[in-house]
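To keep things clear, I will list the structure first and then write my remarks on it.
Being a predicted model, the structure only gives us computed values, none of them experimental.
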Amino acid sequence: MKFRKRYLILFFLLFISLFSNCRTGETTGREDLGGRIEKHEMVLIGGMKQAITIRGNHTDSPVLLWLHGGPGASQMAVSHHYDTALEDSFIVVQWDQRGAGKSNPKGFDETTMTNAQFIRDCHELTRYLKKVLGREKIYLLGHSWGTQLGIQVAGLYPEDYLAYIGVSQVINALDAHVVGERWLRETLISENKKRDIRKLDKLGPPPYRDHEDFVRFIHLIDKYGGSFDISFGKLIRIAIGSPYYSLSDMKSWLNGANRGSGPLWEESLRFDAKKDIPHLDLPVLLIAGTGDYNTPIDLVEEYASMLQTPSIKRVVRIEGASHTPQFKDPEGFARILRDFRKEVEGDRAK
């Protein structure tokens, strides 16, 4: 997910003004009567402490590891709001990946943000969750950048996962620029947005290999509804109520989100799901918003048509949603995952 700098600054200032209401961010954990589990802890992963939360209404539910986007766009600060419906069917694990949120300490070495290191971190965390939660396998879900990470991990270690779920799946960034630019130009022309047409012209034809050019491009995509599904103001109001983030955590989140792709940018441009991951040895669910022009749905459906899997393979289109369908309709999103869980369980019972 891409955030505009002025909103990030606003986010930061709001937290300063509400300092007296900020949480301490200390490690907590409990298993309530009635079977609810809620834990927040720092776990040693890949040689550094990284933050996770574990939340679910039933201790016997399957575990779902959520890989956020960005790579600096942690969702932990809003998970207490958006994951509530999901927690009826899963034990949801939110993880601040290295360089993001609570896993972005002062002095963090951003050169460790490599594709290979993220894969190692994800696999190490998976093994940890399987052990502490007593599971043979878990569900793996990625959103945006998290899908690029998740689909690679699922391809390498299918024995660890019940299924792979890609939300706003990254297929090929360079192809996505072309599709997004075509939609954006048509939109700008139809709405007679001459100033933004000039901005787009200044960027030149896609793809955008320069990171700063891409940031300008994706800001325009977002401005015309092709990326985010809720206002930043609403996201801020929700994040203020987080039980997991302190003021210093928000500073770390701000720094991580402003970093953007950082050293991962060139690696991300080389990723091509069609060539790199032509098959997966586990059930697959791909969820895409029809209005997503960050990771366009046309590319997702094209990839799904050629992806080989041993059993279940589903693409679910979310009408009217863009790049963040989990924010557009949290209850509907949870319903899709609940139905997929039933299908996977039925397939395993055969």
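Aromatic ring centres of F214 and H177 lie closer together than 6.0 Å.
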Are K49 and S103 close enough, and set up right, to give a side chain to side chain contact (heavy atoms under 4.5 Å, CB included), and what steps lead you there? CA-CA 7 Å; K49 288 185 177 180; S103 304; over 6 Å; no
Using side chain to side chain contact (heavy atoms under 4.5 Å, CB included), reason through F333 and F327 one step at a time and then give a plain yes or no. CA-CA 9 Å; F333 183 83; F327 294 161; over 6 Å; no
Start with the C-alpha gap between R55 and I91, add the side-chain angles, then the distance that decides, and say whether side chain to side chain contact (heavy atoms under 4.5 Å, CB included) holds. CA-CA 5 Å; R55 293 166 52 100; I91 296 174; over 6 Å; no
Chi angles and distances behind the side chain to side chain contact (heavy atoms under 4.5 Å, CB included) call for T295, I171: CA-CA 7 Å; T295 54; I171 307 299; over 6 Å; no
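Within the 4.5 Å cutoff, the side chain of D160 has no heavy atoms near those of the K137 side chain. A 4.5 Å side-chain heavy-atom check between I318 and I287 finds at least one atom pair inside the cut-off. Two residues are said to be in side-chain contact when any heavy atoms from C-beta on lie closer than 4.5 Å; V284 and R314 fail this criterion. Side-chain atoms of Y208 and L174, non-hydrogen and from C-beta on, never get closer than 4.5 Å to each other. For the pair L140/C122, a side-chain contact is recorded, criterion being any heavy-atom separation below 4.5 Å from C-beta on.
The side chain to side chain contact (heavy atoms under 4.5 Å, CB included) test with F90 is passed by exactly one of L141, V63, I138, L337: L337.
Smallest separation of non-hydrogen atoms from F118 and P71: CZ-CB, 4.4 Å. In plain terms, the two heavy atoms of A51 and K102 that are nearest each other are CB-CB, 3.6 Å. The minimum heavy-atom distance between Y224 and K193, with the atom names listed, is OH-CG, 3.3 Å. Across all their heavy atoms, S322 and G226 have their closest contact at CB-C, 4.0 Å. Looking at every heavy atom in both residues, R98 comes nearest to Q50 through N-OE1, 3.3 Å. Minimum interatomic distance between E124 and I45 (heavy atoms only, all atoms of both residues): OE2-CA, 3.7 Å.
Annotation: the span from L133 atom CG to I37 atom CD1 amounts to 5.5 Å, rounded to 0.5 Å. Between D83 atom CG and Q75 atom CD the span is 7.5 Å, to the nearest 0.5 Å.
H323 and D229 are not linked by any side-chain donor-acceptor pair at a separation below 3.5 angstrom, with hydrogens and angles left out of the test.
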